[in-house]
Amino acid sequence: MPKLARQYWLMKSEPDAFSIADLESKGTAPWDGVRAYAARSNMVAMQLGDLVLFYHSSCVPPGAVGIASVVKLAYPDPTQFDPKSQYFDAKSKPDAPRWRMVDVTFVSRFPRMVTLEVMRQDPELAEMVVVKPGRLSVQPVKPGEFARVVKLGGGKLPR
DNA sequence: GCCAACGTTGGC
DNA sequence: GCCAACGTTGGC
């Protein structure tokens with residue numbers, strides 16, 4: 001089996017809930033709480049070593065702040081079964097979990113944030129999903145787009 | 001399977 | 001805090 005090419009993604013998180021600084025101090029963390037089918041499909045498609053743009057949403061300004069990588073393939077998100085969790089889903093049963101998550105690990109922080117506004121104004125990023133209307137919290141990124149955002153942030157592409 | 005109503009996301 | 005745009009739900 002040929003090894004598939006590394007894939008790239010963007011994952012949104014509200015920094016008040018979980019920021020890149022939180023990921024940096026934890027090292028590795030489960031990406032729990034995703035409750036949208038399209039986002040779930042994207043997580044299920046992730047492979048070990050895939051790279052993720054960590055994006056801060058619902059803040060001023062929103063934008064990409066660093067890089068994470070996938071270190072555990074999609075598995076059931078335990079918060080869906082926890083009645084005390086804000087992510088509890090009464091319709092999901094343990095023998096048929098509805099929601100999944102991956103684990104990601106911290107890779108780097110950009111020297112400067114790449115704001116949504118900057119991405120919107122960059123011609124190379126005109127087709128990027130994040131600049132389009134929509135609210136997909138886990139979305140694919142093209143390799144060229146990923147490299148461009150890293151460059152705009154003054155960061156380094158992991159080898 | 002359609003689609004209106006509903007709830008949520010997320011930029012502003 | 002507002003609200004447009006979106007995704008999901010559920011009646012039919």
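Quick note on labels: first sequence line is chain A, next is B, and so on, each numbered from 1. Model, not experiment: these values are computed from the prediction.
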Of the non-hydrogen atoms in Lys12(A) and Gln139(A), which two are nearest, and what is the gap between them? CE-NE2, 3.8 Å

So, Gln7(A) side chain and Ala45(A) main chain: donor-acceptor pair closer than 3.5 Å or not? yes

Does a donor on one side chain and an acceptor on the other come within less than 3.5 Å for Trp9(A) and Asn42(A)? no

Do the side-chain N and O atoms of Thr79(A) and Arg35(A) include a donor-acceptor pair separated by under 3.5 angstrom? yes

Connected via hydrophobic side-chain network under 4.5 Å: Val102(A) and Val138(A): yes

Atom pairs under 3.5 Å, N or O on each side, protein against nucleotides 8-12 of chain C: can you list them with distances?
from: dT8(C); atom 1: OP1; to: Tyr37(A); atom 2: N; distance (Å): 2.8

Every protein N/O within reach of nucleotides 2-6 of chain B N/O, cut-off under 3.5 Å:
none

Do the side chain of Arg6(A) and the main chain of Gly49(A) share a donor and acceptor less than 3.5 angstrom apart? yes

Flag for Tyr75(A)-Asp103(A): side-chain donor and acceptor within less than 3.5 Å: yes

Establish whether Val70(A) and Leu23(A) are linked, either directly or via other cluster members, by ILVMFWY side-chain heavy-atom contacts under 4.5 Å. yes

Could you state the NZ-C1' distance from Lys132(A) to dG7(C), rounded to the nearest angstrom? 19 Å

